[in-house]
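Shown next, in structure tokens, is the structure this report addresses.
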Amino acid sequence: MTEQSGGSVNATFGSVAAPVMATAEAVDGAFGPVRVGALEPFHLHPFAHVLHYASTCFEGVKAHRGPDGVVRLFRPDRHVARMRRTAARMSLPVPSEDLLMGMIRDVVVANLDAVPPAPGALYVRPLLFGTEPNIGAAASPSGTAMLAVLASPVGDYFAGGVRPLTLLLETDLPRTTPQFGEVKAGANYAMALGLTLHARQELGCDQVLFAPGGVVQETGAANFLLLAEDRIVTPPLDSTFLHGVTRDSVLTLARDRGLAVEERPVPVAELLAWSAEAALSGTAATLSGVGALLHRDERHVIGSGEVGPVTLGLRDGLMAVQRGEAEDVHGWTVPVTA
Ligand code: PLP
């Protein structure tokens, strides 16, 4: 159940609602005025397009409070750009950069008191869905839409803090249809849910790593990387998986540190033979070490089976930039003040 903020960041990720939201409604592709106010339920017609034809998409971007007290958004421009690409792919009205960026800032400013100190953060959730009341509109886009920006004070995404994750390696089924993997459509998550639940509840895994046809793509909510002292190997960007902002940030930090970055297809055979480290990257997951893979009922331990030093070093480096503790040489953070 969702609590109002004031709840602990030890609560399940995303279950605590910050008190203020922003909304803007679109009619015929044009967004009206932004309303910033208390979090409240949406009034939806039962015929609303989203309820029948899944015309919904979202983003996830974090604001971090540094030891200097300053709250900084991490690469919000990238998230805004991805939301716009997703909206277009979903045949939903595309908010302008200025509109969406303004709403994100408004929500962080209005919820500044709800931004927890590190290692917590304020997870900001832009959301867009079709509201046109027409159950005959399966083959036409929603003429009206709701854009909302919500927020949630969060702690660790994976319960238990820094610990090695176990992934179910799925080599038959894809996470979603290939041409939609690169966008953040709500339906992608619904399609992966059954298998993810099976992996978690019946097999004791944390997530599913999708590698249809024996080639690695990503997990249900994070990108996948192989790491060693001198290099990182990760699948090259294509339409089958989400182009993670964290993935890009980690690869950039790795290059800065002199590691070679290989963006190339990763066959399952190479993955199972990898003797160093593996990790998941994502706004929610940050950089989380993977200790083992479950494949065809066999458990394959990766390297030492622990969260490795390369993963921890890059994770610390990323978090230091996010919190304003390390120099932001790439201009990734955006301070937000009232
Ligand atoms: N892949 C999927 C399916 C995700 O849901 C996410 C999380 O947003 C990611 C990858 C990582 O993307 P990012 O680093 O931009 O959060």
Side-chain angles (χ1 to χ4, degrees), residues 13-14 56-64 73-87 89-90 100 104 121-128 149-152 154 156-158 165 167-168 170 173-196 199 206-212 216-225 232 234-254 263 266 278-288 290 311 314-315 317-319 321-322 330 332-334:
F13 187 99
T56 179
C57 61
F58 65 97
E59 262 304 321
V61 51
K62 270 183 180 169
H64 304 262
L73 278 160
F74 187 68
R75 307 191 76 178
D77 53 331
R78 287 289 186 119
H79 291 277
V80 165
R82 193 169 65 192
M83 180 89 172
R84 297 180 76 240
R85 280 199 305 278
T86 305
R89 187 70 63 85
M90 301 298 294
L100 187 51
I104 292 172
L122 188 70
Y123 180 80
V124 181
R125 165 57 62 87
L127 170 70
L128 177 64
V149 177
L150 317 170
S152 173
V154 296
D156 273 322
Y157 182 60
F158 293 107
L165 304 174
L167 308 181
L168 174 67
E170 170 57 52
L173 299 174
R175 173 180 165 254
T176 177
T177 52
Q179 72 274 27
F180 270 78
E182 67 177 315
V183 296
K184 225 163 154 56
N188 285 347
Y189 297 81
M191 286 188 263
L193 189 57
L195 192 58
T196 307
D206 296 286
Q207 258 294 350
V208 179
L209 177 60
F210 291 91
V216 173
Q217 290 177 346
E218 65 172 340
T219 65
N223 294 124
F224 183 79
L225 308 110
I232 292 195
T234 195
L237 297 180
D238 66 19
S239 67
T240 65
F241 71 90
L242 200 73
H243 302 179
V245 178
T246 318
R247 172 191 180 278
D248 181 77
S249 309
V250 168
L251 296 186
T252 303
L253 288 180
E263 292 180 74
V266 180
L280 302 187
S281 71
T283 297
T286 60
L287 193 62
S288 299
V290 175
T311 302
L314 286 166
R315 178 187 164 100
L318 176 66
M319 288 179 157
V321 177
Q322 290 173 333
H330 300 287
W332 286 339
T333 59
V334 179

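Remember, it's 1-based here, ligands and their atoms both numbered in the order they're listed. All residue numbers in this chain count up from 1 along the given sequence.
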Among Gly181, Ala221, Gly60, whose heavy atom sits nearest atom 6 (C) of ligand 1?
Ala221
As an exercise, identify every atom of ligand 1 less than 4.0 angstrom from a heavy atom of Arg175.
3 (C)
Test your reading of the model: is there a side-chain donor-acceptor pair from Thr234 to the backbone of Phe224, 3.5 Å cut-off?
yes
Basic-acidic side-chain contact under 4.0 Å: Glu182, Arg89:
yes
Atom 1 (N) of ligand 1: nearest protein contact (heavy atom, Å):
Glu218 OE1, 2.5 Å
Taking only non-hydrogen atoms of Lys184 and a 4.0 Å limit, the atoms of ligand 1 in range are 4 (C), 5 (O), 6 (C), 7 (C), 8 (O)
Just jot down the ligand 1 atoms closer than 4.0 angstrom to any heavy atom of Asn223, in number order.
10 (C), 11 (C)
Ranked by distance from atom 5 (O) of ligand 1, the top protein heavy atom is Tyr189 OH, 2.5 Å
Minimum-distance protein heavy atom relative to atom 16 (O) of ligand 1:
Thr283 OG1, 2.6 Å
Smallest separation among heavy atoms of Ser281 and Leu287, with atom names:
CB-CD1, 3.9 Å
Using a strict cut-off of 4.0 Å, indicate which atoms of ligand 1 neighbour a heavy atom of Ser281.
11 (C)
Does even one non-hydrogen atom of Arg78 get within less than 4.0 Å of ligand 1?
no
Interfacing atoms of ligand 1 (cut-off 4.0 Å, heavy-atom, Gly220)
3 (C)
For atom 14 (O) of ligand 1, the closest protein heavy atom turns out to be Thr246 OG1, 2.6 Å
Quick look: Phe241 vs ligand 1, heavy-atom contacts under 4.0 Å, and the answer is neither
In terms of residue, atom name and distance, what is the protein heavy atom nearest to atom 12 (O) of ligand 1?
Gly244 CA, 3.4 Å
Considering all heavy atoms of both residues, which atom of Ile104 and which atom of Pro126 are nearest to each other, and what is their separation?
CD1-CG, 4.1 Å
Please report the shortest heavy-atom distance between Ile232 and Ala254, naming the atom on each side.
CD1-CB, 3.6 Å
In terms of heavy-atom contacts, Thr286 and Lys62 come closest through CG2-NZ, 4.1 Å
Evaluate Phe13 against Tyr123 for ring-ring contact (aromatic ring centres under 6.0 Å, His included), listing each step before the verdict.
CA-CA 9 Å; Phe13 187 99; Tyr123 180 80; 5.2 Å; yes
What is the minimum heavy-atom distance between Arg175 and Gly220, and which atoms define it?
NE-O, 3.5 Å
Say whether Glu59 and ligand 1 are in contact under the criterion: heavy-atom distance to a ligand atom below 4.0 Å.
no
Test of understanding: with side-chain hydrogen bond (donor to acceptor under 3.5 Å, both in side chains), list the residues that count as partners of Glu170, not counting sequence neighbours.
none
Is there at least one pair of N or O atoms, one from Val245 and one from ligand 1, spaced under 3.5 Å apart?
yes
Element-labelled atoms of ligand 1 that are located less than 4.0 Å from some non-hydrogen atom of Gly282
11 (C), 14 (O), 16 (O)
How close do Ser249 and Val245 get, heavy atom to heavy atom, and via which atoms?
OG-O, 2.7 Å
